[in-house]
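For this chain, numbers begin at 1 and follow the sequence in order. Predicted model only: the values in this text are computed from it and were never measured.
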Amino acid sequence: MTHDWSHATMVITGGAGFLGSHLSRRFVRAGARVVCLDSLVTGSAANVRDLLGDPRFELVVADVTEPWSVPGPVDAVLHLASPASPRDYARLPLETLRAGSAGTWNALTLAREKGARFLLASTSEVYGEPSEHPQRESYFGNVNPVGPRSMYDEAKRFAEALTTSFSRVHGVRCGIVRLFNVYGPHMSLSDGRVVPAFIGQALSGLPLTVFGDGGQTRSLCYVDDAVEGMVASCVHDTGGRPVNIGSDEEVSVLDLAALILRLTAGEDDTGPSGGRPPGRTRDPDASHGLGDQVRHLPLPPEDPRRRRPDLTLARELLNWKPQTALRDGLARTIQWARDAR
């Protein structure tokens, strides 16, 4: 979207993580000054290596849950700092909860002190195992507060409540985006999420690990599209309302495995879901003829069966919709993974 960022200073917590690094790069290329705060616990300086020599970019290695400040004027604070993969937040449960609580408090406090806009990167995990499909922002969710994923789910739910309270009590201009299954270059192939896991296994010639029968669905959003949704959220006033950012094309995990196997083998594909209309999935019992190319394991506890955002608010409030077909986004991610090996 067109906006003049040339005189803006953006503070991005978690700015050396997967999504944060793309967001940092987007704003630097638009002419903004970016202050990136990252503890590098799950992020990596390698993700922003191309930015380190740019005078508009500053990497500050710091824990956002401890007191911190940024000198000078700030136009926006974007809070992404948090372990985000199931493997990471299961390994770092207390750190995840602190990032959602103390980290969010500190980021909001900076926004209040600077008179800056604040944007919280929340997640579709606030919906838990949804009983509503697709998920609208008005849906309160179905979350187990003491379950195996609760450290992440509840950290983000608390962060949303804290953001809303800062807006109501202190008048901070706030936005909340609920991100659905964002994927793309710079994801760690070992972080346990389905797209990097499948790509890493396929490129290594290993069978793809499919949990359950593979009939569970995801709605995968390419990182460039998610970044543009977040940029739009920094421009448009949503009145503090959470807004879903993701793809409304639903694909089964087994379909995704078949597509990644074809793309890593260099085979062409006729459509975003393997030649079928968007949203339609195959019968998991048909096994897709994948044979020993996949390995089935038991479904993890409380793994969501279906995820797909209702994007009505994103279109109405942000004038945003995803642009990248699943096949194209996967092909770009696979090429990045090949080059990074």
Side-chain angles (χ1 to χ4, degrees), residues 18-19 84-87 89 122-136 139 141-143 149 152-153 156 177-184 187-189 191-202 208-226 229 244-263 269 271-274 276-284 288 290 294 296-311 314 321-322 324-334:
F18 156 57
L19 180 56
S85 76
R87 188 166 294 173
Y89 57 68
S122 188
T123 171
S124 61
E125 297 294 336
V126 300
Y127 298 122
E129 176 57 71
S131 56
E132 172 180 297
H133 193 77
Q135 291 84 56
R136 295 172 294 178
Y139 176 56
N142 178 29
V143 178
R149 305 164 71 97
Y152 186 62
D153 302 358
K156 290 298 188 179
V177 290
R178 292 175 177 166
L179 300 162
F180 280 69
N181 296 105
V182 180
Y183 73 97
M187 292 189 87
S188 169
L189 297 184
D191 79 1
R193 284 178 279 195
V194 64
V195 170
F198 281 178
I199 290 175
Q201 290 169 335
L208 275 57
T209 302
V210 174
F211 294 101
D213 62 13
Q216 65 271 32
T217 67
R218 296 294 182 265
S219 300
L220 301 168
C221 182
Y222 188 61
V223 63
D224 288 356
D225 292 335
N244 290 334
I245 296 293
S247 169
D248 51 6
E249 178 187 318
E250 192 175 351
V251 62
S252 77
V253 168
L254 208 53
D255 272 344
L256 177 65
L259 177 54
I260 287 175
L261 285 168
R262 287 196 295 274
L263 291 173
D269 199 79
S273 300
R276 292 174 312 288
R280 184 178 299 174
T281 58
R282 290 173 174 160
D283 179 358
H288 296 58
L290 297 179
V294 300
H296 288 271
L297 293 179
L299 195 67
E302 300 185 16
D303 189 59
R305 291 292 302 178
R306 299 189 74 183
R307 279 282 170 79
R308 177 160 62 93
D310 183 308
L311 297 179
K321 63 180 180 179
T324 308
L326 178 58
R327 182 199 181 281
D328 295 337
L330 288 174
R332 295 173 199 169
T333 308
I334 289 167

Picking from L220, N181, I334, what satisfies side-chain contact (heavy atoms from CB on, under 4.5 Å) with V195?
L220

Heavy-atom pair of closest approach, residues F198 and V210
CZ-CG2, 4.0 Å

Could you report the tightest heavy-atom contact between F180 and G246, atom names first, then the distance?
CB-CA, 4.1 Å

Between CZ of R308 and CD of E249, what distance do you get to the nearest 0.5 Å?
10.0 Å

Candidates E129, Q135, E250 - the one meeting side chain to side chain donor-acceptor pair (under 3.5 Å) with R306
E250

Pairing residues for D225 by the side chain to side chain contact (heavy atoms under 4.5 Å, CB included) criterion, not counting sequence neighbours
C221, Y222, W320, P322, Q323, T324

Run the side-chain contact (heavy atoms from CB on, under 4.5 Å) check on R87 and D191 step by step: do they pass?
CA-CA 6 Å; R87 188 166 294 173; D191 79 1; 5.5 Å; no

Beyond-backbone contact of Y152 with P86, side-chain heavy atoms, under 4.5 angstrom
no

Basic-acidic side-chain contact under 4.0 Å: R305, D213
yes

Using the side-chain contact (heavy atoms from CB on, under 4.5 Å) rule, take L19 and V223 through it: C-alpha gap first, then chi angles, then the decisive distance, then the call.
CA-CA 7 Å; L19 180 56; V223 63; 3.8 Å; yes

What is the distance from atom CG of L208 to atom CG of L261, rounded to the nearest 0.5 Å?
4.5 Å

Is there a side-chain contact (heavy atoms from CB on, under 4.5 Å) between N142 and E132? Walk through the geometry before answering.
CA-CA 9 Å; N142 178 29; E132 172 180 297; over 6 Å; no

Does L299 reach the side chain of Q216, with side-chain heavy atoms less than 4.5 Å apart?
yes

Between CG on residue L290 and CZ on residue R262, distance to nearest 0.5 Å
8.5 Å

State, with a plain yes or no, whether a side-chain heavy atom of N244 is found less than 4.5 Å away from one of Y127.
yes

Tell me the closest heavy-atom pair linking F18 and V182, and the distance in Å.
CE2-O, 3.7 Å

So CD1 of I245 and OG of S122: to nearest 0.5 Å the spacing works out to 12.0 Å

Under the criterion side chain to side chain donor-acceptor pair (under 3.5 Å), which of R307, R178, K156 is the partner of S124?
R307

Mind checking whether Q201 and T209 have side chains closer than 4.5 Å, heavy atoms only?
yes

Beyond-backbone contact of D303 with F211, side-chain heavy atoms, under 4.5 angstrom
no

Residue pair D310 / P134: nearest heavy atoms and the distance that separates them
N-CB, 3.9 Å

Flag the pair E125 / D153 as yes when at least one side-chain heavy-atom distance between them is below 4.5 Å, and no otherwise.
yes

Counting only heavy atoms from other residues, nucleotides and ligands, does the tally under 6.0 Å from CZ of R136 exceed 12?
no

Give me the atom names and distance for the closest heavy-atom approach of A226 to L179.
CB-CD2, 4.5 Å

In short, P309 meets D248 closest at the heavy-atom pair O-CB, 3.8 Å

Would you please test Y183 and V194 for side-chain contact (heavy atoms from CB on, under 4.5 Å) and show each step?
CA-CA 9 Å; Y183 73 97; V194 64; over 6 Å; no

Is the closest side-chain heavy-atom distance between L263 and I199 below 4.5 Å?
no

Determine whether R193 and S188 make a side-chain contact, defined as any pair of heavy atoms from C-beta on separated by less than 4.5 Å.
no

